[in-house]
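Quantities reported herein were computed from a predicted structural model and do not represent experimental measurements. Naming convention: chains lettered A, B, ... in sequence-line order (proteins, then strands); numbering from 1 in each chain.
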2 protein chains.
Amino acid sequence: MTIDAVNPNPDDKTLAALLSAHRVYPTAQRLMVARILFARHQHATADGLLHALHAAGQRVSKATVYNTLARFVEAGLLREVIVDNQHTFYDSNTRPHHHFYNLDSGELTDVNIATPLAVRDHDLPAGTTLDSVDIVIRIRNAAG
Amino acid sequence: MTIDAVNPNPDDKTLAALLSAHRVYPTAQRLMVARILFARHQHATADGLLHALHAAGQRVSKATVYNTLARFVEAGLLREVIVDNQHTFYDSNTRPHHHFYNLDSGELTDVNIATPLAVRDHDLPAGTTLDSVDIVIRIRNAAG
DNA sequence: TTAATTGCAAACATTTTGCAGGTTC
DNA sequence: GAACCTGCAAAATGTTTGCAATTAA
(Lines give C-alpha, C1' and ligand atoms only; values in the text may rest on other atoms or scores of the structure.)
Protein backbone atom coordinates (compact mmCIF):
# COMPACT_ATOMS: atom_id res chain seq x y z
CA MET A 1 0.00 0.00 0.00
CA THR A 2 1.55 3.25 -1.09
CA ILE A 3 0.57 6.58 0.36
CA ASP A 4 -0.99 7.76 -2.86
CA ALA A 5 -3.34 4.82 -2.80
CA VAL A 6 -4.65 6.10 0.51
CA ASN A 7 -4.86 9.82 0.05
CA PRO A 8 -3.51 12.12 -2.62
CA ASN A 9 -2.75 14.82 -0.07
CA PRO A 10 -1.96 13.06 3.14
CA ASP A 11 -2.19 14.84 6.48
CA ASP A 12 0.51 14.60 9.12
CA LYS A 13 -1.27 11.85 11.00
CA THR A 14 -1.39 9.69 7.88
CA LEU A 15 2.22 10.45 7.10
CA ALA A 16 3.34 9.65 10.63
CA ALA A 17 1.49 6.33 10.39
CA LEU A 18 3.16 5.62 7.07
CA LEU A 19 6.62 6.26 8.46
CA SER A 20 5.93 4.19 11.55
CA ALA A 21 4.63 1.35 9.42
CA HIS A 22 7.99 1.38 7.68
CA ARG A 23 9.89 1.53 10.98
CA VAL A 24 11.00 5.08 10.46
CA TYR A 25 10.60 7.34 13.48
CA PRO A 26 8.23 10.15 12.47
CA THR A 27 10.29 13.09 13.66
CA ALA A 28 9.36 16.68 12.89
CA GLN A 29 11.99 16.96 10.16
CA ARG A 30 11.05 13.70 8.51
CA LEU A 31 7.42 14.78 8.42
CA MET A 32 8.42 18.03 6.72
CA VAL A 33 10.23 16.05 4.05
CA ALA A 34 7.43 13.50 3.73
CA ARG A 35 4.83 16.24 3.41
CA ILE A 36 6.53 17.49 0.28
CA LEU A 37 7.54 14.18 -1.22
CA PHE A 38 4.31 12.31 -0.74
CA ALA A 39 1.89 15.05 -1.70
CA ARG A 40 2.26 13.71 -5.22
CA HIS A 41 4.62 11.61 -7.29
CA GLN A 42 7.75 13.55 -8.03
CA HIS A 43 11.45 13.47 -8.65
CA ALA A 44 13.26 15.44 -5.99
CA THR A 45 16.90 16.21 -5.32
CA ALA A 46 18.40 16.71 -1.87
CA ASP A 47 19.34 20.26 -2.68
CA GLY A 48 15.95 21.05 -4.16
CA LEU A 49 14.19 19.74 -1.08
CA LEU A 50 16.44 21.71 1.23
CA HIS A 51 15.66 24.89 -0.67
CA ALA A 52 11.93 24.16 -0.72
CA LEU A 53 11.93 23.56 3.01
CA HIS A 54 13.93 26.68 3.76
CA ALA A 55 11.73 28.74 1.44
CA ALA A 56 8.73 27.48 3.40
CA GLY A 57 10.39 28.69 6.59
CA GLN A 58 11.12 25.21 7.91
CA ARG A 59 14.22 24.61 9.99
CA VAL A 60 16.10 21.56 8.71
CA SER A 61 19.77 20.98 8.13
CA LYS A 62 21.40 19.68 5.00
CA ALA A 63 22.66 16.60 6.85
CA THR A 64 19.18 15.77 8.01
CA VAL A 65 17.75 16.01 4.51
CA TYR A 66 20.43 13.63 3.25
CA ASN A 67 19.97 11.29 6.20
CA THR A 68 16.21 11.34 5.78
CA LEU A 69 16.35 10.56 2.09
CA ALA A 70 18.73 7.69 2.70
CA ARG A 71 16.48 6.37 5.45
CA PHE A 72 13.40 6.59 3.23
CA VAL A 73 15.14 4.74 0.43
CA GLU A 74 16.26 2.05 2.83
CA ALA A 75 12.68 1.75 4.10
CA GLY A 76 11.32 1.41 0.58
CA LEU A 77 9.45 4.71 0.68
CA LEU A 78 11.51 6.25 -2.09
CA ARG A 79 13.43 5.03 -5.04
CA GLU A 80 16.79 6.41 -6.06
CA VAL A 81 17.16 7.21 -9.75
CA ILE A 82 20.68 7.44 -11.15
CA VAL A 83 20.77 9.31 -14.44
CA ASP A 84 23.44 11.93 -13.98
CA ASN A 85 26.44 11.96 -11.67
CA GLN A 86 25.81 15.54 -10.69
CA HIS A 87 22.65 14.83 -8.71
CA THR A 88 20.77 11.94 -7.22
CA PHE A 89 17.04 11.97 -7.87
CA TYR A 90 14.57 10.55 -5.39
CA ASP A 91 11.35 9.26 -6.87
CA SER A 92 8.28 9.15 -4.65
CA ASN A 93 6.65 6.74 -7.07
CA THR A 94 7.98 3.36 -5.98
CA ARG A 95 5.86 1.33 -8.38
CA PRO A 96 7.73 -0.18 -11.34
CA HIS A 97 8.17 2.34 -14.12
CA HIS A 98 10.93 3.91 -16.16
CA HIS A 99 12.18 7.37 -17.03
CA PHE A 100 12.75 9.93 -19.68
CA TYR A 101 15.73 12.10 -18.88
CA ASN A 102 15.97 15.34 -20.81
CA LEU A 103 19.66 16.05 -21.27
CA ASP A 104 18.97 19.67 -22.15
CA SER A 105 16.71 20.58 -19.26
CA GLY A 106 17.78 18.04 -16.66
CA GLU A 107 14.13 17.14 -16.25
CA LEU A 108 13.17 13.61 -15.25
CA THR A 109 9.71 12.29 -16.15
CA ASP A 110 7.94 8.99 -15.81
CA VAL A 111 7.43 6.60 -18.68
CA ASN A 112 4.27 4.69 -18.27
CA ILE A 113 4.94 1.92 -20.70
CA ALA A 114 4.98 -1.67 -19.67
CA THR A 115 8.50 -3.04 -19.58
CA PRO A 116 8.90 -5.58 -22.33
CA LEU A 117 11.97 -6.81 -20.56
CA ALA A 118 11.52 -9.95 -18.57
CA VAL A 119 14.73 -10.79 -16.76
CA ARG A 120 14.88 -14.27 -15.34
CA ASP A 121 17.44 -15.57 -12.91
CA HIS A 122 19.02 -17.82 -15.51
CA ASP A 123 19.73 -14.74 -17.63
CA LEU A 124 21.94 -13.33 -14.89
CA PRO A 125 25.63 -14.00 -14.28
CA ALA A 126 26.18 -17.08 -12.13
CA GLY A 127 25.89 -16.48 -8.41
CA THR A 128 23.88 -13.30 -8.69
CA THR A 129 20.28 -12.32 -8.12
CA LEU A 130 18.18 -9.60 -9.64
CA ASP A 131 17.82 -6.33 -7.80
CA SER A 132 16.13 -4.10 -10.35
CA VAL A 133 15.99 -3.13 -13.99
CA ASP A 134 16.43 0.54 -14.72
CA ILE A 135 15.54 1.90 -18.11
CA VAL A 136 16.43 5.48 -18.88
CA ILE A 137 15.43 7.00 -22.19
CA ARG A 138 17.69 9.96 -22.77
CA ILE A 139 16.15 12.68 -24.88
CA ARG A 140 17.01 16.15 -26.10
CA ASN A 141 14.92 19.14 -27.05
CA ALA A 142 14.25 19.06 -30.77
CA ALA A 143 16.36 21.63 -32.60
CA GLY A 144 14.52 24.49 -34.28
CA MET B 1 34.53 1.06 -38.06
CA THR B 2 35.55 0.46 -34.49
CA ILE B 3 39.11 -0.24 -33.49
CA ASP B 4 38.33 -3.80 -32.46
CA ALA B 5 37.09 -4.54 -35.94
CA VAL B 6 40.54 -3.65 -37.21
CA ASN B 7 42.86 -5.18 -34.70
CA PRO B 8 42.30 -6.64 -31.26
CA ASN B 9 45.59 -5.24 -30.00
CA PRO B 10 46.23 -2.10 -31.97
CA ASP B 11 49.71 -0.60 -32.24
CA ASP B 12 50.40 3.08 -31.76
CA LYS B 13 50.26 3.84 -35.43
CA THR B 14 46.79 2.36 -35.72
CA LEU B 15 45.68 4.18 -32.59
CA ALA B 16 47.05 7.49 -33.83
CA ALA B 17 45.20 7.00 -37.10
CA LEU B 18 42.03 6.20 -35.20
CA LEU B 19 42.28 9.36 -33.11
CA SER B 20 43.07 11.49 -36.15
CA ALA B 21 40.13 10.01 -38.02
CA HIS B 22 37.95 11.24 -35.16
CA ARG B 23 39.59 14.68 -35.15
CA VAL B 24 41.37 14.08 -31.89
CA TYR B 25 45.04 15.13 -31.86
CA PRO B 26 47.08 12.00 -31.12
CA THR B 27 49.22 13.33 -28.32
CA ALA B 28 51.48 11.13 -26.25
CA GLN B 29 49.10 11.15 -23.29
CA ARG B 30 46.07 10.35 -25.40
CA LEU B 31 47.89 7.42 -26.94
CA MET B 32 48.73 6.10 -23.49
CA VAL B 33 45.06 6.21 -22.59
CA ALA B 34 43.97 4.76 -25.93
CA ARG B 35 46.47 1.94 -25.64
CA ILE B 36 44.76 0.75 -22.49
CA LEU B 37 41.18 1.44 -23.45
CA PHE B 38 41.21 0.01 -26.94
CA ALA B 39 43.27 -3.10 -26.28
CA ARG B 40 39.93 -4.74 -25.53
CA HIS B 41 36.39 -3.83 -24.61
CA GLN B 42 36.28 -2.65 -21.05
CA HIS B 43 34.65 -0.43 -18.47
CA ALA B 44 37.17 2.00 -17.09
CA THR B 45 36.98 4.78 -14.55
CA ALA B 46 39.10 7.93 -14.63
CA ASP B 47 40.74 7.06 -11.37
CA GLY B 48 41.40 3.47 -12.40
CA LEU B 49 43.04 4.60 -15.61
CA LEU B 50 45.19 7.13 -13.80
CA HIS B 51 46.40 4.46 -11.41
CA ALA B 52 47.04 1.99 -14.23
CA LEU B 53 49.06 4.59 -16.12
CA HIS B 54 51.07 5.60 -13.08
CA ALA B 55 51.68 1.97 -12.18
CA ALA B 56 53.03 1.49 -15.70
CA GLY B 57 55.40 4.38 -15.10
CA GLN B 58 53.64 6.74 -17.49
CA ARG B 59 53.59 10.44 -16.75
CA VAL B 60 50.06 11.79 -17.07
CA SER B 61 48.10 14.16 -14.90
CA LYS B 62 44.66 13.64 -13.49
CA ALA B 63 43.32 16.62 -15.45
CA THR B 64 44.60 15.16 -18.68
CA VAL B 65 42.95 11.82 -18.02
CA TYR B 66 39.64 13.56 -17.40
CA ASN B 67 40.07 15.81 -20.43
CA THR B 68 41.03 12.89 -22.60
CA LEU B 69 38.06 10.80 -21.56
CA ALA B 70 35.69 13.70 -22.18
CA ARG B 71 37.27 14.30 -25.58
CA PHE B 72 36.98 10.62 -26.51
CA VAL B 73 33.32 10.56 -25.52
CA GLU B 74 32.66 13.68 -27.55
CA ALA B 75 34.40 12.08 -30.52
CA GLY B 76 32.32 8.93 -30.22
CA LEU B 77 35.26 6.73 -29.26
CA LEU B 78 33.87 5.95 -25.83
CA ARG B 79 30.50 5.75 -24.22
CA GLU B 80 29.75 7.05 -20.76
CA VAL B 81 27.80 4.69 -18.52
CA ILE B 82 25.98 6.18 -15.56
CA VAL B 83 25.14 3.58 -12.96
CA ASP B 84 26.47 4.96 -9.72
CA ASN B 85 27.03 8.53 -8.55
CA GLN B 86 30.40 7.67 -7.13
CA HIS B 87 32.10 6.94 -10.44
CA THR B 88 31.59 7.47 -14.13
CA PHE B 89 32.36 4.43 -16.23
CA TYR B 90 33.76 4.71 -19.74
CA ASP B 91 32.91 1.85 -22.05
CA SER B 92 35.22 1.17 -24.96
CA ASN B 93 32.49 -0.84 -26.63
CA THR B 94 30.43 1.78 -28.43
CA ARG B 95 28.12 -0.67 -30.14
CA PRO B 96 24.56 -0.82 -28.74
CA HIS B 97 24.37 -3.04 -25.71
CA HIS B 98 23.30 -2.88 -22.08
CA HIS B 99 24.76 -3.57 -18.67
CA PHE B 100 24.66 -5.64 -15.56
CA TYR B 101 25.79 -3.65 -12.55
CA ASN B 102 26.75 -5.68 -9.52
CA LEU B 103 25.81 -3.58 -6.50
CA ASP B 104 27.99 -5.71 -4.22
CA SER B 105 31.19 -5.68 -6.24
CA GLY B 106 30.76 -2.49 -8.25
CA GLU B 107 31.50 -4.53 -11.35
CA LEU B 108 29.96 -3.55 -14.66
CA THR B 109 29.52 -6.17 -17.38
CA ASP B 110 27.97 -6.23 -20.82
CA VAL B 111 24.60 -7.74 -21.55
CA ASN B 112 24.49 -9.11 -25.01
CA ILE B 113 20.78 -9.40 -25.41
CA ALA B 114 18.93 -7.65 -28.17
CA THR B 115 16.96 -4.74 -26.80
CA PRO B 116 13.29 -5.54 -27.07
CA LEU B 117 12.61 -1.87 -26.59
CA ALA B 118 11.82 0.01 -29.74
CA VAL B 119 11.39 3.68 -28.96
CA ARG B 120 9.82 5.73 -31.69
CA ASP B 121 9.66 9.49 -31.86
CA HIS B 122 5.94 9.52 -31.23
CA ASP B 123 6.55 7.75 -27.93
CA LEU B 124 8.62 10.68 -26.70
CA PRO B 125 7.40 13.86 -25.00
CA ALA B 126 6.45 16.53 -27.53
CA GLY B 127 9.34 18.59 -28.82
CA THR B 128 12.01 16.06 -27.94
CA THR B 129 14.17 13.64 -29.85
CA LEU B 130 15.75 10.39 -28.83
CA ASP B 131 19.34 10.40 -27.68
CA SER B 132 19.80 6.90 -26.31
CA VAL B 133 18.19 4.14 -24.29
CA ASP B 134 20.16 2.90 -21.34
CA ILE B 135 19.21 -0.32 -19.65
CA VAL B 136 20.95 -1.24 -16.42
CA ILE B 137 20.17 -4.53 -14.75
CA ARG B 138 21.18 -4.18 -11.13
CA ILE B 139 22.21 -7.42 -9.49
CA ARG B 140 23.58 -8.62 -6.18
CA ASN B 141 25.70 -11.55 -5.18
CA ALA B 142 23.46 -14.42 -4.17
CA ALA B 143 23.41 -14.87 -0.41
CA GLY B 144 24.88 -18.07 0.95
C1' DT C 1 52.95 30.22 -36.34
C1' DT C 2 48.56 29.26 -34.81
C1' DA C 3 45.62 26.53 -32.37
C1' DA C 4 45.32 22.86 -29.25
C1' DT C 5 47.01 20.26 -25.19
C1' DT C 6 49.40 19.44 -20.77
C1' DG C 7 50.30 19.70 -15.83
C1' DC C 8 49.77 21.61 -11.61
C1' DA C 9 47.20 23.30 -7.93
C1' DA C 10 43.26 25.40 -6.53
C1' DA C 11 38.34 25.50 -6.92
C1' DC C 12 33.86 23.06 -7.01
C1' DA C 13 29.66 20.50 -6.00
C1' DT C 14 27.66 16.90 -3.78
C1' DT C 15 27.48 13.86 -0.18
C1' DT C 16 29.21 11.89 4.27
C1' DT C 17 30.86 11.98 8.97
C1' DG C 18 31.85 13.10 14.04
C1' DC C 19 29.92 14.49 17.91
C1' DA C 20 27.21 17.17 21.52
C1' DG C 21 22.62 18.02 22.56
C1' DG C 22 17.76 16.87 21.92
C1' DT C 23 13.82 13.63 20.87
C1' DT C 24 11.17 9.23 20.48
C1' DC C 25 9.39 5.04 22.18
C1' DG D 1 16.24 5.09 30.10
C1' DA D 2 17.93 3.23 25.89
C1' DA D 3 18.07 3.94 21.28
C1' DC D 4 17.66 7.07 17.83
C1' DC D 5 17.75 11.62 15.48
C1' DT D 6 19.35 16.53 14.58
C1' DG D 7 22.39 20.30 13.51
C1' DC D 8 26.65 22.15 12.78
C1' DA D 9 30.99 22.27 10.79
C1' DA D 10 34.57 19.74 8.91
C1' DA D 11 36.02 16.12 5.83
C1' DA D 12 35.79 13.28 1.87
C1' DT D 13 35.02 12.30 -3.01
C1' DG D 14 34.99 12.94 -7.80
C1' DT D 15 35.42 16.25 -11.25
C1' DT D 16 36.43 20.82 -13.33
C1' DT D 17 38.99 25.03 -14.11
C1' DG D 18 42.71 28.76 -14.74
C1' DC D 19 46.84 29.53 -16.56
C1' DA D 20 51.78 29.31 -18.03
C1' DA D 21 54.61 26.19 -20.54
C1' DT D 22 54.71 22.76 -24.26
C1' DT D 23 53.43 20.35 -28.48
C1' DA D 24 50.82 19.36 -32.86
C1' DA D 25 49.57 20.57 -37.59
Side-chain angles (χ1 to χ4, degrees), chain A residues 12-13 15-36 43-54 57-75 77-78 80-90 106 108, chain B residues 12-13 15-35 43-54 56-75 77-78 80-90 106 108:
Chain A
D12 281 9
K13 205 170 142 191
L15 287 172
L18 178 74
L19 300 198
S20 294
H22 286 254
R23 297 185 191 167
V24 176
Y25 281 20
T27 67
Q29 289 80 358
R30 287 171 177 177
L31 284 173
M32 292 175 197
V33 173
R35 220 175 281 139
I36 294 184
H43 305 107
T45 61
D47 203 56
L49 268 174
L50 187 64
H51 278 86
L53 289 165
H54 284 174
Q58 307 279 33
R59 247 183 79 268
V60 204
S61 71
K62 199 184 349 182
T64 296
V65 170
Y66 277 99
N67 288 338
T68 297
L69 290 170
R71 195 78 190 70
F72 282 10
V73 168
E74 188 186 39
L77 290 162
L78 287 181
E80 244 174 349
V81 184
I82 311 288
V83 287
D84 164 347
N85 332 40
Q86 256 50 96
H87 310 274
T88 302
F89 285 91
Y90 294 89
L108 190 67
Chain B
D12 282 8
K13 206 170 141 190
L15 288 172
L18 178 74
L19 300 198
S20 295
H22 286 257
R23 299 187 190 166
V24 175
Y25 281 18
T27 67
Q29 289 79 359
R30 286 172 178 176
L31 285 174
M32 293 176 196
V33 173
R35 217 175 283 138
H43 305 107
T45 60
D47 204 55
L49 269 174
L50 187 64
H51 278 85
L53 289 166
H54 284 174
Q58 308 279 32
R59 248 184 78 268
V60 205
S61 71
K62 197 183 352 181
T64 295
V65 170
Y66 277 100
N67 288 339
T68 296
L69 290 170
R71 194 80 188 69
F72 282 9
V73 168
E74 189 185 37
L77 289 163
L78 287 180
E80 244 175 350
V81 184
I82 311 287
V83 287
D84 166 346
N85 306 35
Q86 256 52 96
H87 310 274
T88 301
F89 285 91
Y90 294 88
L108 191 66

Practice item. Give a yes/no on whether any side-chain N or O of Thr27(B) is located under 4.0 angstrom from OP1 or OP2 of dT6(C). Key: yes
Point to revise | Set of residues satisfying side-chain contact (heavy atoms from CB on, under 4.5 Å) with respect to Gln58(A), sequence neighbours excluded | key: Met32(A), Arg35(A), Leu53(A), Ala56(A), Val60(A)
Practice item. For Leu50(B), enumerate each residue passing the side-chain contact (heavy atoms from CB on, under 4.5 Å) test, keeping only those at least two apart in sequence or located in another chain. Key: His54(B), Lys62(B), Val65(B)
Revision key, fill the gap. For Asp47(B), the salt bridge (Lys or Arg N to Asp or Glu O under 4.0 Å) test, sequence neighbours excluded, returns none
**Study point:** All side chain to side chain donor-acceptor pair (under 3.5 Å) counterparts of Thr27(B), not counting sequence neighbours
**Key:** none
Practice item. Could you pull out all residues at least two apart from His43(B) that satisfy ring-ring contact (aromatic ring centres under 6.0 Å, His included)? Key: His99(B)
Practice item. Calculate the interatomic distance between Arg59(A) atom CZ and dG21(C) atom C1'; express it in whole Å. Key: 12 Å
Revision key, fill the gap. Across all chains, not counting sequence neighbours, the salt bridge (Lys or Arg N to Asp or Glu O under 4.0 Å) partners of Arg71(B) are Glu74(B)
Review point. With sequence neighbours excluded, what pairs up with Asn67(B) under the side chain to side chain donor-acceptor pair (under 3.5 Å) test?
Key: none
Review point. Is there a side chain to side chain contact (heavy atoms under 4.5 Å, CB included) between Asp84(B) and His87(B) once you walk through the steps?
Key: CA-CA 6 Å; Asp84(B) 166 346; His87(B) 310 274; 4.0 Å; yes
Check your understanding: If we fit an axis to the first five pairs and another to the last five of the helix from dT1(C)-dA25(D) to dC25(C)-dG1(D), what angle do they make, to the nearest 10°?
Key -> 40°
Check your understanding: Does anyone know the first and last nucleotide of DNA chain D in reach of chain A, 5' to 3', at under 4.0 angstrom to a heavy atom?
Key -> dC4(D) to dC8(D)
Review point. What residues form a side-chain contact (heavy atoms from CB on, under 4.5 Å) with Ser61(B), not counting sequence neighbours?
Key: Ala63(B), Thr64(B)
Practice item. Sugar-phosphate atoms are those with a prime plus P, OP1 and OP2; base atoms are the rest. Using that split, label each nucleotide of nucleotides 10-20 of chain C B, S or - for protein heavy atoms under 4.0 Å, 5' to 3'. Key: ----SBBB---
Check your understanding: Tell me, do Val83(A) and Phe89(A) make a side-chain contact under 4.5 Å, heavy atoms counted?
Key -> yes
**Study point:** Distance in angstrom units between Leu19(A) CG and dT23(C) P, rounded
**Key:** 18 Å
Practice item. Could you tell me the separation between the CD atom of Gln29(A) and the P atom of dG22(C), rounded to a whole number of Å? Key: 14 Å
Point to revise | Residue list, side chain to side chain donor-acceptor pair (under 3.5 Å) with Thr45(A), at least two apart or on another chain | key: none
Review point. Rounded to the nearest Å, what distance is computed from the CZ atom of residue Arg71(A) to the P atom of nucleotide dT24(C)?
Key: 16 Å
